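This report refers to the structure that appears directly beneath it.
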Amino acid sequence: MPKDLGLTARTYVKNLGKHVQRFVLRKESVRDALNGVSKDTKKVAHAFGKATETEHHKDAVQLVERGRRTYNNHDYERAEEVFRQAVMADHGYALAHTYLGHALYQQGRVKEAVASWRQAIAADPGSSAAIKAQKKIHHVERSAEKVVDSLAARLRKRR
């Protein structure tokens, strides 16, 4: 259990005891005691939620590292699987979405790649992962424009 989580739990038990004591000594009404306990319970739930998010993020970071090694070995299908696991572990981890987009792009699945890069931008707009994703989207759009221009030029020559 993380240090601050243990401290939060001890504080909760201590505050619970104080509310019971105040109620027994008639220094606090039932309503006030329950309100106090309710507030303390919300604080503990929030602390536990943060600990869980942190663990999920750590898992996602490890998965992204494994996925990067797989990607660098040119095993894009397996890298995609690992990056998808990272996204599932922490949906808000922009780097996982960015690398998933790269793996999809390498497999020729451009629309899915762009969607993944857009998710990276939405997850953490100012991050370096989001900036990389934006650059990739821009590159894909420019490439598509070049293809369209080239086709249009060929059609004009045929006339």
Side-chain angles (χ1 to χ4, degrees), residues 1-107 109-141:
M1 181 182 306
K3 193 179 205 178
D4 54 334
L5 193 57
L7 180 62
T8 301
R10 283 192 297 278
T11 303
Y12 175 76
V13 171
K14 182 177 151 184
N15 288 347
L16 182 62
K18 284 182 179 180
H19 289 295
V20 169
Q21 184 181 23
R22 288 181 190 150
F23 171 72
V24 169
L25 296 174
R26 297 185 188 264
K27 292 183 178 179
E28 195 170 62
S29 69
V30 173
R31 175 181 283 162
D32 291 339
L34 290 175
N35 282 339
V37 170
S38 176
K39 286 179 185 176
D40 291 337
T41 302
K42 287 177 184 175
K43 289 178 185 175
V44 170
H46 182 71
F48 272 97
K50 275 190 172 178
T52 303
E53 288 173 18
T54 301
E55 289 303 312
H56 290 307
H57 182 71
K58 287 179 184 176
D59 292 342
V61 169
Q62 289 175 347
L63 287 164
V64 165
E65 284 304 312
R66 194 169 87 206
R68 286 170 72 175
R69 286 191 301 272
T70 307
Y71 180 90
N72 289 337
N73 288 329
H74 308 286
D75 186 354
Y76 303 120
E77 289 177 12
R78 178 68 185 130
E80 175 194 350
E81 292 172 17
V82 177
F83 292 136
R84 285 193 188 280
Q85 291 172 5
V87 167
M88 293 299 288
D90 184 356
H91 191 72
Y93 188 32
L95 194 58
H97 289 286
T98 300
Y99 280 117
L100 174 59
H102 294 341
L104 292 166
Y105 183 79
Q106 288 295 333
Q107 295 176 67
R109 295 159 58 193
V110 178
K111 285 184 180 180
E112 291 174 76
V114 170
S116 187
W117 292 325
R118 289 193 194 290
Q119 287 176 330
I121 295 165
D124 193 1
S127 69
S128 62
I131 292 167
K132 288 177 186 176
Q134 186 61 52
K135 286 179 181 178
K136 288 299 284 185
I137 290 170
H138 184 69
H139 168 75
V140 167
E141 289 172 347

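The basis for the numbers below is simple: all heavy atoms, side chains too, and nothing from hydrogens, waters or symmetry mates. As the structure is a computational prediction, the values presented were derived from the model and not from experiment.
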Counting C-beta onward and ignoring hydrogens, is there a side-chain heavy-atom pair between [X] and [Y] closer than 4.5 Å?
X: M88; Y: R84; value: no
X: F83; Y: H102; value: no
X: Q62; Y: E65; value: no
X: R118; Y: H97; value: no
X: R66; Y: R78; value: yes

Under 3.5 Å: donor-acceptor pair, side chain of [X], backbone of [Y]:
X: Q107; Y: A103; result: yes
X: D90; Y: A86; result: no
X: T98; Y: A129; result: yes

Between [X] and [Y], which heavy-atom pair has the shortest distance, and what is it?
X: V114; Y: V140; answer: CG2-CG1, 4.1 Å
X: G101; Y: A113; answer: O-CB, 3.2 Å
X: I131; Y: G126; answer: CD1-O, 4.1 Å
X: L63; Y: V82; answer: O-CG1, 3.0 Å

Checklist entry - Between Y105 and H139, how do the two ring planes meet: parallel, tilted or perpendicular, split at 30° and 60°? => result perpendicular
Just verifying a value: how many Å separate [X] [atom1] and [Y] [atom2], rounded to the nearest 0.5 Å?
X: Y76; Y: T70; atom1: OH; atom2: OG1; answer: 11.5 Å
X: D75; Y: E81; atom1: CG; atom2: CD; answer: 8.0 Å
X: H91; Y: Q119; atom1: NE2; atom2: CD; answer: 5.0 Å
X: Y99; Y: K132; atom1: OH; atom2: NZ; answer: 4.5 Å
X: Q21; Y: K27; atom1: CD; atom2: NZ; answer: 7.5 Å

Checklist entry - For Y93, which residues count as a ring-ring contact (aromatic ring centres under 6.0 Å, His included) partner, sequence neighbours excluded? => result H57
Checklist entry - Is any side-chain N of the basic residue among K58 and E55 closer than 4.0 Å to the acidic one's carboxylate O? => result yes
